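Structure first, then comments.
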Amino acid sequence: MRVSRLMLVTLRDDPAEAEISSHKLLLRAGYIRRVASGIYAYLPLLWRVLQKISAIVREEMNATGALETLLPQLQPADLWERSGRWAGYTAGEGIMFHLDDRQGRQLGLGPTHEEVITALAADLLRSYRQLPVTLYQIQTKFRDEIRPRFGLMRGREFIMKDAYSFHGDEASLQETYAAMDGAYRRIFRRCGLRAVAVEADSGAIGGSASQEFMVTAEAGEDLILASPDGRYAANQERAVSLPPDPVPLPAGPATALDTPAKSSIEALATAHGLDPSQIVKVLLLLARFADGSVQPLLVSLRGDQQLNEVKLSNAVAARAPQGAGAVLEIAPLDAERCRDWRLDLDLSAIPFGYIGPDLSDGLLTHAGSGLRRSFLRLADPTAAELPRFVCGANAPDRHRLGVSWSDLGETPQVLDLRAAQPGDRCRHDPSQILEAARGIEVGHIFQLGRKYSDALEATFTNDAGFDEALWMGCYGIGVSRLAQAAVEQNHDGDGMRWPVAIAPFEVIVVIANVQESSQRELAEQLYGQLLDAGIEVLLDDRSERAGVKFKDADLIGIPWRLVVGRGAATGQVELVRRADGEKADRPAEAVVAELVERIRQERSGVEFGV
RNA sequence: CGGGAUGUAGCGCAGCUUGGUAGCGCACUUCGUUCGGGACGAAGGGGCCGCAGGUUCGAAUCCUGUCAUCCCGACCA
């Protein structure tokens with residue numbers, strides 16, 4: 001391809017709308033243009049990248065025996081009503097674009113395809129003899145994100161590879177899940193990306209085991225906690241660790257403590273010579289469900305620990321009354337919340353800053369309609385395992401010293417609710433200390449179990465002749481996000497540095513001065529030879545000055561640059577590697593063979609441990 | 001949705017406080033010189049100043065409304 005025919009439009013200044021490097025570079029280098037918030041045109045250079053990524057994904061999926069398919073993007077509402085997700089995905093903060101057709105039927109624009117694929121499976125999969133089977137597609141997804149940002153990182157329209165597997169039993173599901181894990185590691189390695197697999201929360205999709213694949217980059221939206229030995233890595237939402245040992249409280253009888261104006265853990269600890277690990281802090285929160293009801297929560301944590309809201313939300317969801325629906329929001333109880341959620345609560349009766357785990361349900365008796373009349377009482381083990389501790393006395397300016405859980409009556413339900421922190425000891429090996437890194441989630445694999453097959457009555461006949469629900473897995477890769485993550489992980493002050501495996505072109509031949517016929521002729525000759533050798537090559541034949549072409553070549557990030565310039569007359573050319581700027585003069589007659597050999601090796605991707 | 005900011009030429013910005021009919025750099029067109037790291041000179045084209053009302057003799061500038069975009073939180077590939 002000749003650069004003069006490439007419709008290459010590069011920008012010298014960073015566009016004001018972009019914040020992170022990869023987004024700025026995609027715009028500046030002419031890879032994308034914004035059409036609306038979170039909606040982008042993929043220009044020819046990016047489209048080549050996306051096709052290369054897709055080809056790698058396709059090869060690895062096919063290698064696992066998965067079948068490529070293409071499912072509709074317009075999906076009928078009734079399918080989603082059967083899985084129980086229509087309301088949640090369309091009302092309020094729902095992310096599904098939806099519309100009515102001319103007959104007044106409701107349709108949604110697919111944010112994901114569990115419903116469609118499960119309905120198909122119910123239709124097509126009848127016998128255990130057909131199982132297991134995995135279907136996948138590479139297609140545009142639509143999500144009306146609450147806040148689109150960072151270009152392709154969080155778009156409202158994006159390209160995703162999604163795969164769904166169907167099994168007769170859980171062991172088969174686990175086998176395919178492991179095969180997908182392997183395929184994903186190969187995909188990211190072949191794309192030349194440094195990626196890590198981390199344990200993950202399964203979120204709104206549901207299911208049991210789930211693992212995310214993160215491209216490590218400073219601009220990543222997720223926090224990863226990992227052990228240096230490589231044996232443990234998890235999203236912070238899900239991470240577990242050993243908390244520091246608490247400082248024991250000196251023996252003695254339980255006593256009351258006057259603590260005026262000491263409503264924070266820090267103030268209380270400082271004023272009374274306590275360590276935060278000797279205190280139980282109690283958080284008073286409200287959880288709002290899809291049906292509008294509100295559950296008050298009383299969460300006990302050791303004073304030096306932080307709450308993990310994802311763990312809490314999962315715990316609340318698991319304990320939700322029948323029919324309450326999904327947990328929409330968890331927030332501290334305050335005046336603003338009471339007003340917004342129209343709760344008639346007497347806040348002045350609540351001793352904020354002095355709450356103990358045994359705060360009476362009586363405070364809720366006059367509460368408004370949607371509010372449940374008793375607290376859901378939960379405690380993290382760090383708090384529950386303290387034999388004696390300090391806690392609020394449920395009266396202003398009063399705490400209790402040296403109390404135990406038996407003094408407080410009923411013990412709350414105990415489960416892991418604390419946020420693991422960098423610096424914590426690992427559970428698998430206490431000598432390992434968790435380290436933090438940021439990552440961009442580019443893949444996520446789930447063992448869904450039977451959630452969707454139960455809802456959509458997708459059953460098969462087992463070898464004993466009885467019907468049972470299919471076991472399912474689902475597996476996603478953000479293809480367009482992956483392209484941007486590659487830029488985020490591979491760039492410098494001059495521009496992008498594409499790994500050869502996914503670069504839009506592998507080589508750019510730059511004619512330093514197109515006025516010089518010797519340069520033009522040699523460049524054309526090399527260009528032809530590279531094309532013949534099956535190399536994806538650009539020829540910069542524009543009548544620009546050399547400096548402009550070098551800047552553009554660096555910006556668009558082509559891995560190899562072949563400069564035909566002053567040395568052309570004597571048959572010398574310059575070979576430059578974009579990744580590290582290494583330059584070397586080469587005789588023109590030898591350089592094609594050398595490039596072909598190096599590129600052939602690099603096409604398979606970089607060897608990184610995943 | 002809550003909090004913050006910004007809309008002026010394709011891109012980056014000034015002008016707005018103190019109203020007088022729009023400017024700079026890059027990009028684009030033509031000519032000349034230059035030619036290995038975003039050249040120089042000359043000449044040119046391109047703007048319902050986001051949109052709609054209002055105030056005024058007169059609005060990019062003041063007022064009201066509205067729309068859009070970006071940033072911080074909840075969502076996710």
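Note that the structure is predicted; figures quoted are calculated from it, not measured. A, B, ... follow the sequence lines: proteins, then strands. Residue 1 opens every chain.
Under the Watson-Crick and G-U wobble criteria, each requiring two contacts below 3.5 Å, nucleotide C49(B) is left unpaired. A39(B) is paired with U33(B) under the criterion used here, namely a Watson-Crick or G-U wobble arrangement in which both key atom distances are under 3.5 Å. Checking C70(B) for Watson-Crick or G-U wobble geometry (two distances, each under 3.5 Å) identifies G4(B) as its partner. Pairing partner, A9(B): none, since no Watson-Crick or wobble contact has both distances short of 3.5 Å.
Residue whose closest nucleotide on RNA chain B sits further toward the 5' end, between K551(A) and I477(A): K551(A). Position along RNA chain B of the nearest nucleotide to P15(A) versus E212(A) favours P15(A) as the more 5'-ward residue.
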Treat primed atoms plus P, OP1 and OP2 as sugar-phosphate and everything else as base, then score nucleotides 24-36 of chain B 5' to 3': B for base contact with protein heavy atoms under 4.0 Å, S for sugar-phosphate contact only, - for none. -BSS------BBB

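Taking K141(A) as the reference, H113(A), D162(A) meet the side chain to side chain donor-acceptor pair (under 3.5 Å) condition, with sequence neighbours excluded. Listed by chain and residue number, Y89(A) satisfy the ring pair (Phe, Tyr, Trp, His ring centres under 6.0 Å) test with W80(A) (two or more places apart in sequence, or in another chain). Shown here are the side chain to side chain donor-acceptor pair (under 3.5 Å) partners of T118(A), two or more places apart in sequence or in another chain: there are none. In this structure, the side chain to side chain donor-acceptor pair (under 3.5 Å) partners of S83(A), at least two apart in sequence or on a different chain, are E115(A). Evaluation of the salt bridge (charged side-chain N to carboxylate O under 4.0 Å, His left out) rule for E589(A) yields no partner, not counting sequence neighbours. Looking at residues two or more places apart in sequence or on another chain, you find no side chain to side chain donor-acceptor pair (under 3.5 Å) involving Q515(A). A568(A) meets the side chain to side chain contact (heavy atoms under 4.5 Å, CB included) test with S518(A), Q519(A), L522(A), V564(A); sequence neighbours excluded.
Taking only distance into account, the side chain of D552(A) meets the base of G38(B) through a donor-acceptor pair shorter than 3.5 Å. For D494(A) and G37(B), a side-chain-to-base donor-acceptor distance below 3.5 Å is absent, hydrogens and geometry of angles not being considered.
Defined by atom type and a distance below 3.5 Å, a donor-acceptor pair is present between the side-chain atoms of Y475(A) and S165(A).
Between F97(A) and F142(A), the ring planes lie perpendicular to each other; the angle is over 60°, past the 30° to 60° tilted range. Taking the six-membered ring where tryptophan is involved, the planes of F446(A) and H444(A) are essentially parallel, since the angle between them stays under 30° and well short of 60°.
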I'd like a list of close polar pairs between nucleotides 1-7 of chain B and the protein, N/O only, cut-off under 3.5 Å.
none

Check nucleotides 67-69 of chain B for protein N or O atoms closer than 3.5 Å to its own N or O atoms and list the pairs.
residue: U69(B); atom: OP1; partner: S37(A); partner atom: N; Å: 3.0

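If you check G38(B), C72(B), C70(B) against the side chain of Y40(A), the one that comes closest is C70(B). Of all nucleotides listed (G37(B), C75(B), C71(B)), C71(B) comes nearest to the side chain of E19(A). Nearest to the side-chain atoms of L555(A) among the listed nucleotides G38(B), G12(B), C76(B) stands G38(B). Taking only side-chain atoms of R28(A), from C-beta outward, the nucleotide of A77(B), C71(B), G38(B) with the closest atom is G38(B). Picking from C76(B), C75(B), C71(B) the nucleotide with the shortest atom distance to the side chain of F150(A) gives C71(B).
Taking atom CD of residue E221(A) and atom C1' of nucleotide G73(B), one finds them 12 Å apart after rounding to whole Å.
Taking atom C1' in both A52(B) and C72(B), the straight-line distance is 31 Å, to the nearest Å. Rounded to whole Å, the separation between the C1' atoms of G20(B) and U61(B) comes to 11 Å.
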Atom pairs and distances, side-chain donor-acceptor, residues 30-39 of chain A, under 3.5 Å, sequence neighbours left out:
residue: Y31(A); atom: OH; partner: W498(A); partner atom: NE1; Å: 3.0
residue: Y31(A); atom: OH; partner: I556(A); partner atom: O; Å: 2.6

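Among residue pairs with one or both ends in residues 149-161 of chain A, those qualifying as salt bridge (charged side-chain N to carboxylate O under 4.0 Å, His left out) are D144(A)-R156(A), E145(A)-R154(A), R149(A)-E221(A), R154(A)-E221(A); sequence neighbours excluded.
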